[in-house]
Amino acid sequence: MDMSSGGVAFALNHATLEGKITIAVLLVFSLVSWTVIINKFRQLAKARKRNALFLGYYSKAKGPLVIFSKGPIEQLQGSPMYDLYYGGCEELKVQQEKYGTDKIPHHGMSAGRIALERVLGEAAVGLESGIIVLATAISGGPFIGLLGTVWGVMDTFAGIGRAQQATLTTMAPGVASALIATVAGLMVAIPSLFCYNFLVTKTKTLTIELDNFAAHLETVFMTDYLQEKKGGSSASEDIEDYRPGGHRQEAAPSDAATGH
């Protein structure tokens with residue numbers, strides 16, 4: 001039997017006002033969910049493509065600031081990795097102008113690290129935006145459908161009580177119209193569930209790649225632009241001092257220095 005002209009059409013024709021409202025709400029949920037799904041797939045595909053393009057330019061550049069010196073590049077817009085790179089380089093140039101030298105002290109480099117963390121956080125939020133809509137559809141869709149089903153079954157039994165006869169003919173329309181709400185809820189939740197798992201995995205992969213690139217960029221900045229301490233300490237020692245948890249153990253004060 002053709003479902004479009006059979007069970008589904010029969011259930012919709014006999015649906016109560018409450019059932020039709022429930023199905024309308026679920027239809028809105030479905031439209032919003034599919035809009036988010038399509039936009040997220042397009043966003044992630046564009047981000048991966050532009051990231052690959054940026055890494056190609058970056059690997060061929062002769063210096064860390066070569067790409068930045070060309071200004072905003074239209075072809076790389078939409079690449080979270082390029083946004084991260086551009087934000088870090090922008091703060092680095094600000095600190096260089098502030099101190100009037102290419103080599104900047106720890107305070108200036110710390111500002112660059114904070115800028116990288118800020119852009120990294122904004123990129124992560126942008127990649128994860130809209131995912132909450134799918135999570136809500138997954139958890140809320142079946143419950144809304146169940147509400148419509150329970151409500152419809154309650155009306156059906158109330159009608160049977162008023163008619164004082166429990167025949168299949170009197171029960172079938174009400175039960176069918178009630179069950180269509182559960183079907184609608186599952187049709188919202190199931191596609192959202194599969195797409196949610198896929199999108200979360202891809203988003204997490206992109207976020208890890210961004211985190212790794214931020215760590216690489218931070219190391220490059222400190223190696224090339226961190227001002228050495230007075231006393232001729234090496235750049236590697238400065239980097240270890242700069243990184244969290246990388247501080248060296250200070251030498252204990254001598255007796256001569258303390259006066260003992």
Side-chain angles (χ1 to χ4, degrees), residues 2-4 6-49 51 78-81 83-84 117-160 171-212:
D2 186 8
M3 290 296 292
S4 61
V8 175
F10 178 83
L12 290 175
N13 288 334
H14 291 84
T16 61
L17 177 61
E18 296 82 2
K20 291 179 179 178
I21 292 175
T22 302
I23 294 172
V25 171
L26 290 170
L27 179 61
V28 172
F29 258 90
S30 180
L31 292 175
V32 172
S33 298
W34 278 108
T35 300
V36 171
I37 289 169
I38 294 172
N39 288 337
K40 294 305 294 182
F41 270 98
R42 293 178 60 187
Q43 179 189 11
L44 293 180
K46 180 179 179 180
R48 294 188 67 84
K49 182 179 179 181
N51 280 350
S79 166
M81 201 168 287
D83 293 339
L84 178 65
E117 292 178 351
R118 174 180 55 79
V119 179
L120 180 61
E122 292 174 353
V125 170
L127 290 173
E128 295 173 2
S129 64
I131 298 295
I132 186 63
V133 175
L134 299 183
T136 303
I138 293 169
S139 59
F143 282 104
I144 295 175
L146 182 60
L147 174 63
T149 296
V150 172
W151 202 329
V153 170
M154 180 180 65
D155 287 345
T156 300
F157 280 107
I160 292 173
M171 291 180 59
V175 173
S177 63
L179 291 176
I180 194 66
T182 299
V183 173
L186 293 175
M187 289 182 68
V188 172
I190 292 174
S192 298
L193 175 63
F194 287 110
C195 294
Y196 173 84
N197 291 333
F198 180 84
L199 290 172
V200 165
T201 302
K202 293 299 182 181
T203 300
K204 186 178 295 184
T205 301
L206 273 175
T207 303
I208 292 174
E209 291 175 357
L210 287 175
D211 201 10
N212 292 338

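Worth saying up front: this structure is predicted, and the values here are computed from it rather than measured. For the numbers below, each heavy atom of this structure counts, side chains included, while hydrogens, waters and symmetry mates do not.
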Separation between CD1 (Ile190) and SG (Cys195), nearest 0.5 Å, reads 12.0 Å
Between Gln43 and Lys40, does any side-chain donor sit less than 3.5 Å from a side-chain acceptor?
yes
Pro80 and Ala47 have their tightest heavy-atom pair at CD-CB, 3.7 Å
Value for CG (Leu120) from CE (Met81), rounded to nearest 0.5 Å, stands at 10.0 Å
Minimal heavy-atom distance between Thr207 and Ala124, with the atoms involved, is CG2-CB, 4.4 Å
For Phe194, the ring pair (Phe, Tyr, Trp, His ring centres under 6.0 Å) test, sequence neighbours excluded, returns none
Taken in chain and number order and not counting sequence neighbours, the residues that satisfy salt bridge (charged side-chain N to carboxylate O under 4.0 Å, His left out) with Glu209 are none
Run the side-chain contact (heavy atoms from CB on, under 4.5 Å) test on Ile144 and Val188 for me, step by step, so that the C-alpha distance in whole Å, both residues' side-chain angles and the decisive distance to 0.1 Å come before the verdict. CA-CA 10 Å; Ile144 295 175; Val188 172; over 6 Å; no
Would you say Asn51 and Leu206 make side-chain contact, with heavy atoms under 4.5 Å? yes
Closest non-hydrogen atoms of Leu84 and Leu210, given as atom of the first, atom of the second and distance, are CD2-O, 3.5 Å
inquiry  = For Phe143, is the CZ atom crowded, meaning more than 12 foreign heavy atoms sit under 6.0 Å from it?
reply    = no
When rounded to the nearest 0.5 Å, the distance separating CD of Glu122 from CG of Asp83 is 9.0 Å
Nearest heavy-atom approach of Ala184 to Leu26 is CB-CD1, 3.6 Å
Show the atom names and distances, to 0.1 Å, of all donor-acceptor pairs under 3.5 Å that link a side chain in residues 27-39 to residues at least two apart or in another chain.
{"unit_1": "Ser33", "atom_1": "OG", "unit_2": "Phe29", "atom_2": "O", "d": "2.8"}
{"unit_1": "Thr35", "atom_1": "OG1", "unit_2": "Leu31", "atom_2": "O", "d": "2.8"}
{"unit_1": "Asn39", "atom_1": "ND2", "unit_2": "Thr35", "atom_2": "O", "d": "3.2"}

Of all heavy-atom pairs linking Ala181 and Thr22, the shortest is CB-CG2, 4.2 Å
Here the gap from Leu134 atom CG to Leu193 atom CG, rounded to the nearest 0.5 Å, amounts to 10.0 Å
